[in-house]
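First the proteins, then the strands, lettered A, B, ... as listed; each starts at 1.
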There are 2 protein chains.
Amino acid sequence: MSTVGLQLRELREKAGFSLRKAAVAIDIDVAILSKMERGERKFSKELVVKLADLYKTNSDKLVIDYLSEKVLYELGDEEFGLEALKVAEKQLIYKKINTHG
Amino acid sequence: MSTVGLQLRELREKAGFSLRKAAVAIDIDVAILSKMERGERKFSKELVVKLADLYKTNSDKLVIDYLSEKVLYELGDEEFGLEALKVAEKQLIYKKINTHG
DNA sequence: AATGCTTTTGACAATATTAGTCAACACATA
DNA sequence: TATGTGTTGACTAATATTGTCAAAAGCATT
């Protein structure tokens, strides 16, 4: 269940693009796009953004979901996954406070 | 700055193992262990646990830190990293509630 | 049925990434 | 010198990811 894939598929259909047209527009093989939408292959962030642009949609939420999926994939069904996420969050917040930019 | 690496280095020294002895004990090349402790190479979870065992330490916190580092590495300096972590957390919690085990 | 479009599938090659091996180096100390 | 410490870089091997292609399958329409 790749929510990014499903979301992008819906967006594509609403925007009236066939799989082929969309694939050509962002310069990838149609087979890859097909697989990505169905969660059989991973997206790259670049492609997510390109597709969002193509469909005239803001990409922020899609990117966030994309990253979230990536993180969850990395964690697998790890026993301490939740704890790890909380630690990671703390680190990020700490970093955010103590950096310029 | 790999906290897992530093933690394991301290633990090793406190446990009185030389790099070579520890590497032999867990059956890896000493060069790899050296690099891992200094954050030049990634650990695997298996090695973290093996080392914790060798040093007679509970591995839970180390594993959590290991996973956290892995996640943060994946996110890089992504603008929406924090948001992604929060989404991932929600997913995990949701999953935890709705599964047996 | 035949055409023309769609999407899916699998096989394969090309690339990139990661992991493992080894020898040499530098430093300290007995 | 000889022994033990940790570090470094070059190299190979193993794995994973990505890209390419052709064929197949689905679905309307003519």
Side-chain angles (χ1 to χ4, degrees), chain A residues 1-52 54-55 62-63 65-78, chain B residues 1-52 54-55 62-63 65-78:
Chain A
M1 168 206 61
S2 160
T3 93
V4 174
L6 294 181
Q7 287 179 68
L8 282 171
R9 169 152 289 193
E10 281 194 20
L11 286 170
R12 173 173 62 77
E13 287 166 349
K14 280 182 188 161
F17 283 92
S18 75
L19 208 47
R20 263 178 217 288
K21 295 272 174 62
V24 168
I26 64 169
D27 193 37
I28 61 170
D29 192 290
V30 62
I32 294 180
L33 185 55
S34 169
K35 285 167 186 166
M36 283 176 170
E37 284 187 352
R38 285 171 300 114
E40 202 179 305
R41 279 217 188 174
K42 294 177 198 163
F43 278 100
S44 68
K45 186 197 161 190
E46 288 65 38
L47 290 186
V48 170
V49 172
K50 274 189 185 177
L51 288 171
L54 182 63
Y55 308 147
L62 286 164
V63 168
D65 286 349
Y66 158 73
L67 292 170
S68 165
E69 277 178 20
K70 198 170 148 191
V71 161
L72 288 173
Y73 176 82
E74 281 296 319
L75 285 179
D77 61 349
E78 178 58 51
Chain B
M1 169 207 60
S2 161
T3 93
V4 175
L6 294 180
Q7 286 179 70
L8 282 170
R9 169 151 289 193
E10 280 194 20
L11 286 169
R12 174 173 61 78
E13 287 167 350
K14 281 182 186 161
F17 282 93
S18 75
L19 209 47
R20 282 193 164 77
K21 294 273 174 61
V24 167
I26 64 169
D27 193 37
I28 60 170
D29 191 289
V30 62
I32 295 180
L33 185 54
S34 169
K35 286 166 185 167
M36 283 176 169
E37 285 187 352
R38 287 172 298 113
E40 202 178 306
R41 279 221 189 172
K42 294 178 198 163
F43 279 100
S44 69
K45 185 196 162 190
E46 287 65 37
L47 290 186
V48 171
V49 172
K50 274 190 187 177
L51 287 171
L54 182 62
Y55 307 147
L62 285 164
V63 168
D65 286 347
Y66 158 73
L67 292 170
S68 164
E69 276 179 20
K70 198 171 150 192
V71 162
L72 288 173
Y73 175 82
E74 281 298 319
L75 286 180
D77 59 350
E78 178 57 50

Distances for protein N or O near nucleotides 25-30 of chain C N or O, under 3.5 Å:
none

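- Counting only residues at least two apart or in different chains, ring-ring contact (aromatic ring centres under 6.0 Å, His included) contacts with residues 8-36 of chain B comprise B:Phe17-B:Tyr55.
- The CD atom of A:Glu37 sits 7 Å away from the P atom of C:dT8 (whole-angstrom rounding).
- With rounding to whole Å, B:Ile26 atom CD1 is found 11 Å from C:dG20 atom P.
- In this structure B:Lys70 satisfies the salt bridge (charged side-chain N to carboxylate O under 4.0 Å, His left out) test together with A:Glu74, sequence neighbours excluded.
- Legend: residues meeting side chain to side chain donor-acceptor pair (under 3.5 Å) with B:Lys14, ordered by chain and number and at least two apart, are absent.
- Between the P atom of D:dG4 and the CG atom of B:Leu19 lies a distance of 15 Å, rounded to the nearest Å.
- Rounded to a whole Å, the CD atom of B:Glu40 is 8 Å from the C1' atom of D:dT8.
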Please output the side-chain donor-acceptor pairs of residues 20-31 of chain A that fall under 3.5 Å, not counting sequence neighbours, one pair per line with the distance.
unit_1  : atom_1 : unit_2  : atom_2 : d
A:Asp29 : OD1    : A:Ala31 : N      : 2.7

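- Taking every heavy atom of both residues into account, A:Ala52 and A:Leu62 meet most closely at CB-CD1, 4.0 Å.
- Counting only heavy atoms from C-beta on, B:Arg41 has its side chain closest to C:dA19 among D:dT17, D:dT20, C:dA19.
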Atom pairs, protein N/O to nucleotides 12-14 of chain D N/O, distance under 3.5 Å:
none

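- The base of D:dG6 is not paired with the side chain of B:Arg38 by any donor and acceptor separated by under 3.5 Å.
- Taking only side-chain nitrogens and oxygens, B:Lys42 never comes nearer than 4.0 Å to OP1 or OP2 of C:dA19.
- Near-neighbour residues of DNA chain D inside residues 8-15 of chain B, defined by a heavy atom below 4.0 Å, number-ordered: B:Arg9, B:Arg12.
- For the salt bridge (charged side-chain N to carboxylate O under 4.0 Å, His left out) test, residues two or more places apart in sequence or in another chain that qualify with A:Glu37 are A:Arg9, A:Arg12.
- With sequence neighbours excluded, the residues satisfying side chain to side chain contact (heavy atoms under 4.5 Å, CB included) with B:Lys35 are B:Arg38, B:Glu40, B:Arg41.
- Contact of the A:Leu51 side chain with the A:Leu33 side chain is registered, since non-hydrogen atoms from C-beta on lie closer than 4.5 Å.
- Atom CZ of A:Phe17 and atom P of C:dT6 are 13 Å apart (whole Å).
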Protein-nucleotides 26-30 of chain D N/O pairs under 3.5 Å:
none

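- Within the model, atoms OH of B:Tyr66 and CG of B:Leu47 stand 9.0 Å from one another, a figure rounded to the nearest 0.5 Å.
- DNA chain C is contacted by A:Ala31, A:Ser34, A:Lys35 of residues 29-36 of chain A, taking any non-hydrogen atom closer than 4.0 Å.
- Within the structure, no pair that satisfies the ring-ring contact (aromatic ring centres under 6.0 Å, His included) test touches residues 21-47 of chain B, not counting sequence neighbours.
- Nearest approach of A:Val71 to B:Leu75, heavy atoms of both residues: CG2-CD2, 3.9 Å.
- Checking side-chain atoms of B:Glu78 against main-chain N and O of A:Leu67 turns up no donor-acceptor pair under 3.5 Å.
- In this structure a side-chain-to-backbone donor-acceptor pair under 3.5 Å is present from A:Glu69 to A:Thr3.
- In this structure, CZ of B:Phe43 is placed 14 Å from C1' of C:dA19, rounded to the nearest angstrom.
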